[in-house]
Amino acid sequence: MLNTQKIEKKWQERWEEAKVFEADAMPGKKKFFCTFPCPYINAYPHIGHLYTIMRVEAFARYKRLHGYNVIFPQAWHATGSPIIAAAKRVQEREEKQIQMMKDMGISKEELPAFEHAEHWIDFFAPAFEKDFREIGLSIDWRRTFYTTSLNPHYDAFIRWQFRKLKEKKSVVKGKFPVVWCPKCKNAVSDHSRSKGEGETTQEFVLVKHKLVGSNDLIITATLRIETILGTTNLWIHPDVEYVRAVVNNEIWIISKEAVDKLSGQTRSVKIFGIILGKELIGKIVEEFNGKKIPILPGMFCTPDKGTGIVHSVPSDSPDDWIALQDLQRNHLLCEKYGLDYRTIEELRAIPILDTPGYGDMPAMHLCEEFGIQHQTDEKKLLEARKALYKKSFYESIVNGLYKNFFGKNLEGMKVTEAKEIIKKELLQHGFELFYELTGPVVCRCLTVCIPKIVSDQWFLAYSDEQWKQDAHHCLNQMKLYPDTVRQQFEYVLDWLHNWACTRKEGLGTALPWDKQWIIESLSDSTIYMAYYTISHLLSSLDAKKLDDALFDYIFLGKGNLQQLAKKYECSETLLKQMKVEFDYWYPLDFRNSGKDLVQNHLAFFIFNHVAIFPKEKWPISIGVNGWITVDGEKMSKSLGNMIPLREISTKFSVDAARFTIVSGGEGMDDPNWDSAFAAAMKQKLETYHEFCLEYYNKGRNTHTSLDAWVESRFHAIVKQTTAAMEETAFRTATQLLFFELQQAIKWYLKRCHNEPNKKCIQQIIEAQTIMLSPFSPHIAEEIWHAIGKKGFVCQQQWPRPEKNKIQRDLEVGEEIIKTVLSDINSVLKLIKKEKPEKITLFVSVLWKYSLFALIHDIMQGTKNPNIILQYILQQKEMKQHGKEIMKFLPKLLGSGKIPVTVETDDAEMSVLHHAKKFLEEEFRCHVEILKAANAGHPKAAHALPGRPAIVVE
RNA sequence: GUGGGGGUAGCAAAGCCUGGUCAAAUGCGCAGGACUUAAGAUCCUGUCUCUUAGUGGGUUCGAGGGUUCGAAUCCCUUCCCCCACACCA
């Protein structure tokens with residue numbers, strides 16, 4: 001048994017000593033720069049990280065074997081709120097958080113330290129590095145850093161980045177609705193809530209209804225502005241007190257509860273009167289289009305939702321429909337509020353939308369479907385409403401009433417489209433927007449949160465057309481692994497609009513020109529790969545002195561070297577060196593991440609690169625992969641199937657785990673981690689190690705056709721493996737270079753009775769070990785060393801496939817022998833004979849005829865037309881002329897059986913003659929090989945090209 | 001719903017673009033055998049089903065249609081799974 005942990009450690013130390021993975025600019029030498037996105041360091045890394053980073057790692061090691069000067073740097077991400085929020089939770093000793101800390105193996109004594117965000121970084125950054133080192137990643141650790149203002153050098157870099165963006169007008173100011181805590185006077189992110197995780201703001205439109213005979217406006221709020229033409233009446237709760245208030249020079253009637261919400265949203269609201277719902281019932285309001293409708297009693301109106309008043313669209317709202325039904329059935333109620341029930345009865349729902357499956361009165365149908373009897377059936381109504389909203393939003397079509405909507409014809413348009421147009425028009429005609437939360441949110445300070453419009457929010461202007469075009473341009477010339485993600489990228493680049501890039505809380509860099517803001521996490525991590533090229537040199541400068549001039553010089557080649565050196569009190573050489581490093585390494589050659597980052601990080605990455613850097617520094621390629629599943633199940637904390645990296649060495653061995661995870665899958669599919677495979681793989685690698693030691697110096701010097709065969713297989717496999725590696729199809733590559741090659745070797749050794757050609761087997765062992773090294777580097781080094789090779793395996797040359805050594809006919813020959821072997825075995829098994837006395841092989845023809853000659857022969861007659869047919873179907877001509885031929889072939893086959901004489905193919909005969917000795921030894925009996933055509937044995941008729949008939953005696 | 005990626009034997013995963021050599025690679029798992037004092041490892045054999053002195057038949061590649069002499073592969077319909085739909089890592 002190998003001590004894998006010892007081996008891992010040994011080689012990691014040796015690589016470190018020899019600085020194998022430290023790469024510096026070497027102008028003139030080909031280079032490869034690859035990165036894995038900074039992981040967020042609020043917990044230990046796990047096997048999910050491993051899969052994605054292995055794609056970078058394997059590619060990096062592969063490129064090194066091709067003589068590239070490779071850098072693979074790694075930094076840590078701490079920008080944003082999760083760490084701060086977690087620290088706060090620790091401070092509060094929140095149960096869940098404490099449990100999480102415990103699960104991570106953090107003791108009670110250590111807890112107080114985790115109350116401070118800085119400690120998380122101090123703790124996890126080294127932890128990540130340790131874990132990453134322990135799985136043998138070929139990272140240049142000199143270049144490591146972490147993000148946020150806690151790293152002043154990086155901080156200066158981010159400030160430079162944002163000033164550059166601002167210069168290009170890529171950062172703009174705008175309005176933005178947020179979840180707001182009135183007490184903390186802060187936006188409350190998901191992580192800082194004690195209740196209401198996942199709730200966001202929701203955009204309503206405020207509809208103004210003019211009370212006839214006064215200047216008062218009754219305000220309703222709706223999510224479904226596209227139904228505006230279906231309004232038949234207003235609902236108001238008779239027993240609720242509403243207020244009259246001056247809102248931006250208008251008089252509004254709204255619920256008390258609505259006042260706070262409205263005033264939080266850039267409005268001044270002054271209450272000057274109270275009005276009971278009852279007082280308004282029966283009155284008439286005038287709509288924006290002049291239509292007059294009544295105000296009716298609706299008990300379902302709740303003052304804390306919207307404005308507490310509802311406009312009624314009975315055609316498309318189950319609530320409105322059933323409320324209207326209730327009222328129309330209830331004469332007493334009408335009388336109670338002094339309403340004329342005849343006019344009430346005449347109120348009819350107005351069809352406005354066509355909803356597939358429900359026609360133009362979906363609310364009515366849904367009330368029936370859900371068995372809703374009364375407006376107090378809240379549960380059922382909620383379900384019906386949800387069902388309808390969803391269906392209607394995506395599937396309904398607006399009808400003829402919208403033929404002339406402010407001069408626009410919307411008839412036949414989908415709701416998703418029409419909605420935006422309707423909203424836009426109405427906003428121009430005095431309607432207003434209003435935000436509500438999708439559900440109750442309570443801040444960490446236990447204050448109930450409200451929606452608020454922040455008016456000085458900064459955005460990255462991704463909606464800018466020119467910027468989008470540049471991004472597309474960049475994408476078009478980029479290589480994507482796999483290319484199937486391209487469409488997704490195209491879509492995302494188009495779809496992205498302005499991104500709110502600043503926050504009020506969290507870790508990060510202060511926005512240089514507006515220090516109340518902190519740059520948001522995704523926005524600060526878009527071009528930091530450039531920072532890798534200089535991070536190890538930059539840290540020797542005094543952070544306080546750093547400013548834009550430095551980065552302008554390094555990244556954009558502006559400014560005077562002498563002056564700058566003076567300014568930063570450093571040598572010119574150092575500054576120059578930084579510039580050389582950047583110019584040499586950039587552009588970035590390969591960036592790989594999970595597929596979930598396509599729509600944000602990777603898209604931002606493209607955008608910001610094209611904004612800041614000249615074309616020749618734009619990224620070269622992006623790799624994208626799926627999400628790991630563990631033994632067929634989604635990986636999650638709750639399932640308890642997270643495998644932390646730190647457990648890998650002891651549980652599976654690093655080499656086995658690295659190999660396993662890569663063979664889990666490729667492309668965009670979710671790959672699978674198979675624990676049983678990992679365990680088996682550990683054993684296989686050990687066996688492989690033993691095999692190499694046993695066979696490396698074994699063998700003869702003579703060269704046979706069998707050696708030529710194994711060489712052919714070897715070169716074919718190397719060729720395929722290389723092609724797969726180039727496409728980052730690492731699963732395919734591992735399958736080929738390990739299993740496929742093993743199989744070939746096994747057969748080879750069997751055929752040559754464990755007496756391989758020395759040169760052949762050495763070449764194969766060396767090559768296989770080299771090809772294995774990107775995946776399982778420790779064991780590869782161990783083998784390399786053990787077979788007496790000098791240097792590191794990771795610094796060797798990737799094997800070169802030699803085309804002229806690949807000989808198809810040799811492979812076909814061995815296939816025939818394999819078939820014969822397996823056929824004899826099945827016969828032996830069937831007749832339960834262990835020791836045959838004699839085996840006779842009847843060899844048929846390899847048809848040399850052209851297809852048409854064959855058909856001619858069939859017309860002459862044959863012993864078995866079906867066999868011929870089968871053979872015909874495989875021929876190239878069939879692919880070209882298949883249709884014509886098949887039309888008349890059945891007729892031919894229907895004709896009689898006339899014996900036909902055919903020539904035996906010499907190739908097959910000679911293959912079998914060569915293998916005769918092998919077969920005889922295999923079965924320990926005499927083997928006879930005859931031409932089927934003139935054997936005269938009844939079994940001989942079974943012979944097929946490439947598959948002799950067999951008689952065992 | 002929209003955009004993207006998928007659905008293949010017990011599990012995982014090739015094949016699909018470019019239809020025929022596909023009952024479908026490979027690996028894991030499982031079963032039997034050899035070796036061994038034994039375990040592990042290793043090696044061999046089998047692993048849809050029925051047959052059989054083997055190269056044969058049947059039914060399979062989410063489901064249902066279609067194109068074709070021929071479909072896992074091309075086209076249409078449909079169901080299911082994953083990712084994203086944002087202000088955040």
Side-chain angles (χ1 to χ4, degrees), chain A residues 1 37 39-40 42 77 79-82 176-178 187 189-191 200 390-391 393-395 414 416 457 459 482 484-492 495-503 506 520-523 525 594-601 626-627 629 631-632 634 663-681 683-684 686-687 690 731-732 734-736 738-740 743 746 750 819 822-831 833 867 870-875 878-879 882-883 885-887 889-890 939 942-944 946-952:
Chain A
M1 278 271 266
Y40 194 78
N42 61 346
H77 197 49
T79 313
S81 54
F176 190 67
V178 294
S189 70
D190 250 3
H191 312 277
T200 56
K390 201 173 173 189
K391 189 166 178 73
F393 182 72
Y394 292 115
E395 296 177 37
K414 271 189 155 184
T416 37
Q457 171 71 45
F459 290 87
T484 36
V485 273
R486 189 170 294 280
Q487 267 186 286
Q488 181 78 350
F489 267 112
E490 298 273 1
Y491 178 82
V492 169
W495 161 83
L496 267 174
H497 46 260
N498 291 0
W499 174 265
C501 62
T502 52
R503 292 291 170 278
E520 173 271 338
S521 164
L522 285 169
S523 309
S525 55
K595 60 182 171 183
D596 53 325
L597 294 194
V598 171
Q599 16 284 322
N600 45 55
H601 170 70
W627 274 82
T629 56
D631 295 324
K634 217 176 167 175
S663 14
E666 63 196 14
M668 292 261 276
D669 298 353
D670 290 344
N672 184 53
W673 163 271
D674 187 338
S675 298
F677 180 92
M681 202 56 220
Q683 186 55 54
K684 277 182 194 295
E686 273 182 37
T687 308
E690 275 167 37
R731 187 195 132 84
T732 305
T734 52
Q735 292 282 320
L736 288 165
F738 196 76
F739 296 108
E740 197 93 347
Q743 260 185 355
K746 248 189 225 171
K750 182 174 182 168
T819 313
S822 133
D823 283 353
I824 296 174
N825 271 321
S826 359
V827 173
L828 286 174
K829 206 172 177 189
L830 275 163
I831 59 170
K833 197 166 196 169
I867 290 172
Q870 223 177 24
Y871 181 67
I872 290 172
L873 290 176
Q874 298 166 14
Q875 300 309 302
M878 192 60 211
K879 294 191 174 167
K883 283 194 181 169
I885 293 162
M886 285 313 291
K887 269 180 196 156
L889 205 56
K939 286 281 172 198
H942 285 287
L944 277 174
R947 186 152 199 177
I950 293 157
V951 173
V952 177

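Sequence lines set the chain letters: A, B, ... in the order given, protein chains first and strands last, and positions in each chain run from 1.
Using a 4.0 Å heavy-atom criterion, one finds that A:Leu736 contacts no nucleic acid atom at all. Heavy atoms of A:Lys750 sit nowhere under 4.0 angstrom from any nucleic acid atom. If you check every strand for non-hydrogen atoms under 4.0 Å, A:Val598 touches nothing. Among the heavy atoms of the strands, none lies under 4.0 Å from A:Gly626. Residue-level contact check: A:Asp670 touches the backbone only, with heavy atoms under 4.0 Å from sugar-phosphate atoms and none from bases. The residue A:Val485 sits apart from the nucleic acid: no heavy atom pair falls under 4.0 Å.
Counting only heavy atoms from C-beta on, A:Tyr491 has its side chain closest to B:G3 among B:G3, B:U42, B:C82. Minimum atom distance to the side chain of A:Asp596 is reached by B:A84, of the listed B:G3, B:A84, B:G4. Proximity note for A:Asp669 (side chain, C-beta onward) versus B:G5, B:G4, B:G27: the nearest is B:G5. Across B:A25, B:A12, B:G5, the shortest atom-to-atom separation from the side chain of A:Asn672 is found for B:A12.
Between A:Lys746 and the phosphate of B:C43, there is a side-chain N or O to OP1/OP2 separation shorter than 4.0 Å. Phosphate contact (OP1/OP2 of B:U26, side-chain N/O of A:Gln743, threshold under 4.0 Å): present. OP1 or OP2 of B:C88 sits under 4.0 Å from a side-chain N or O of A:Arg503.
Between A:Leu522 and A:Ser822, the residue anchored closer to the 5' end of RNA chain B is A:Ser822, taking for each the nucleotide with the nearest heavy atom. The residue among A:Arg731 and A:Pro39 whose nearest nucleotide of RNA chain B is located toward the 5' end is A:Arg731.
When side chains are defined from C-beta on, A:Gln457 counts as touching A:Arg503, because their heavy atoms get closer than 4.5 Å.
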